[in-house]
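Accompanying notes for the structure given below.
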Protein chains: 2
Amino acid sequence: MPNRSLALPQQECADCPIRHRAVCARCETDELEHLESIKYYRKYEAGQTVVWAGDKMDFVASVVEGVASLTQTMEDGRRQMVGLLLPSDFMGRPNREAAPYDVVASTDILLCCFRRSPFLQLIEETPHISQRLLEMTLDELDAAREWMLLLGRKTAREKIASLLSIIARRDASLKNLPSTGEVAFDLPLTREAMADYLGLTLETVSRQMSALKKDGVIRLEGKRHISIPDFDLLLDETGDDTDGGVLE
Amino acid sequence: MPNRSLALPQQECADCPIRHRAVCARCETDELEHLESIKYYRKYEAGQTVVWAGDKMDFVASVVEGVASLTQTMEDGRRQMVGLLLPSDFMGRPNREAAPYDVVASTDILLCCFRRSPFLQLIEETPHISQRLLEMTLDELDAAREWMLLLGRKTAREKIASLLSIIARRDASLKNLPSTGEVAFDLPLTREAMADYLGLTLETVSRQMSALKKDGVIRLEGKRHISIPDFDLLLDETGDDTDGGVLE
DNA sequence: AGCGAGTATTGATCTCGATCAATTACAGGC
DNA sequence: GCCTGTAATTGATCGAGATCAATACTCGCT
């Protein structure tokens, strides 16, 4: 597979890698044409802040490529990631001017953007979009709630295993690969960002990564490339229910 | 089983205490009439389970009175509350058959219910409802994210103070009272439920409640009635931005 | 009254992850 | 090659909250 080139900022919706997962998933060809006419692309490099908490956000967007994070910071500097946006995820709140959290590019990212007011209008006129947005928001709420279980009750080791399995699964699903047996992917997060996600310190993250490696659950090639010899082995470490995989 | 032994209230939407906060908030009189014709009430006693995780949930509902909780349980018994439903909050997912979490009545509750399929139809036909539902879901997502910060980064004392201030605020807003100065309310949760909310043990909850009492931040009258001599004092203990820029 | 079950408080001790600190790995610039 | 700065690992110690355990409070019951 040729890897993501961030160089082409204007593509057809029809060829878009997130065409069938993003807010536009349900749109018909004529609706797509309308979207096509008002969308525009933006790129950010890893580490760049897309919006600061409290600032006015004059657009909404879908993540096309790369990973972005939503982070809350307390006055004394304690930080907690509260959202991880992978390709096809939506950013921005239609009805709210100010961004409630810092939005930061974890890797280089490509966004498909819409200025807010045309998008608001679009929502009114296009039930396919507002329905999909509701559905995505409900999914995000579910994800947030699973995350709450992780933050409140899981051990450090379980937290790491859970994060790795979430990323592995989303990555596999994006590439239309099964997430069973051997799986490999690039970690889009630094150890510090992982710590912010998991409510841990970066030292604890590092220690637990080493422990999982020693135990043969994961293999590290460089700092960022992870390979998992047996995905089920990783799942056993997450503390989650393995049986009765409840699908809708 | 819902308790049907007592006469269930059958009230007019117009007189409903949550008329202007629930999913129906934006509805016009004619839309209300339609709702009126298909709604029905259910009551549950404190401690009763409304739905078990994984079970089919054939209705959606608004909480009219009382408090309900959404809880996730791990195989080994670790439990985390992931949602706290106060009056006007909505329960159930339009597009999903199975309930993802246990729904339990924390106090006696009164629900305003709709069978799922008529409600789905209603959403399609009534943009005022689906818009409001999206808005409420986004608010819930915001609340979940603040909760994530609490779970991941706050100390036990800050967690308790945060929970008390959340309940105090919602309670005051429901009664149209200001949440400043002296505030008093009934705790709708046991110490154990508080622990499940906060990702703590019930012993730690009890100790921190005693500490806050000793420090004069709260007063306890019985186990459940809380009074707060100075709400700002409580807010200082939550670790949150006070925005007024009071201290350092 | 006395009993029992559920709920809450308080004490003693232990442990997991935080904190403080030193070292290593690695990429980019010259 | 050699700096320099950031990311990551590893070690030593500490402490907040968990765990184990005993005791009190409350309400309904006979």
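In what follows, chains carry the letters A, B, and so on, assigned in the order in which the sequence lines appear, proteins first and then strands, with residues in each chain numbered from 1. Computed over heavy atoms, backbone and side chain alike; hydrogens, waters and symmetry mates excluded.
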Could you state the NZ-C1' distance from B:K154 to D:dG17, rounded to the nearest angstrom?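 Distance check: B:K154 NZ to D:dG17 C1' gives 18 Å.
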Atom CD1 of A:I226 and atom C1' of D:dA8: how far apart are they, to the nearest Å?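 So the two atoms are 13 Å apart, to the nearest Å.
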SB check [X] [Y] (cutoff 4.0 Å):
X      : Y      : answer
B:K223 : B:D186 : no
A:E140 : A:R145 : no
A:D139 : B:R93  : yes
B:K154 : B:D240 : yes
B:R157 : B:D215 : yes
A:R170 : A:D89  : yes

For residues 207-216 of chain B, which residues have at least one heavy atom under 4.0 Å from DNA chain C?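 Close to the strand are B:R207, B:S210.
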Enumerate the residues from residues 155-162 of chain B whose closest heavy atom to DNA chain C is under 4.0 Å, giving them by residue number; use none for an empty result.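 By residue number: none to list.
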For a quick test of reading the model: is some side-chain N or O of B:T204 closer than 4.0 Å to OP1 or OP2 of D:dG17?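 No.
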Could you list where the contact with chain B starts and ends along DNA chain C, reading 5' to 3', using a 4.0 Å heavy-atom cut-off?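 Result: C:dA8 to C:dA12.
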Any base atoms under 4.0 Å from [X], or only sugar-phosphate, or nothing? Heavy atoms, all strands.
X      : value
A:G199 : sugar-phosphate
B:R224 : sugar-phosphate
A:L202 : base
A:R78  : nothing
A:T190 : sugar-phosphate

Determine, step by step, whether B:S173 and B:R21 satisfy the side chain to side chain donor-acceptor pair (under 3.5 Å) criterion, reporting the C-alpha distance in whole Å, the side-chain angles of both residues, the deciding distance to 0.1 Å, and the verdict. CA-CA 11 Å; B:S173 127; B:R21 299 163 187 271; 3.1 Å; yes
Do A:K43 and A:I109 come within less than 4.5 Å of each other through their side chains, counting heavy atoms only?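 No - every pair of side-chain heavy atoms lies 4.5 Å or more apart.
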For A:T71 and A:V82, run side chain to side chain contact (heavy atoms under 4.5 Å, CB included): C-alpha distance rounded to whole Å, both residues' side-chain angles, the deciding distance at 0.1 Å, then the answer. CA-CA 6 Å; A:T71 304; A:V82 296; over 6 Å; no
Are the side chain of B:D108 and the backbone N or O of B:E45 linked by a donor-acceptor pair below 3.5 Å?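 Checked: no pair found.
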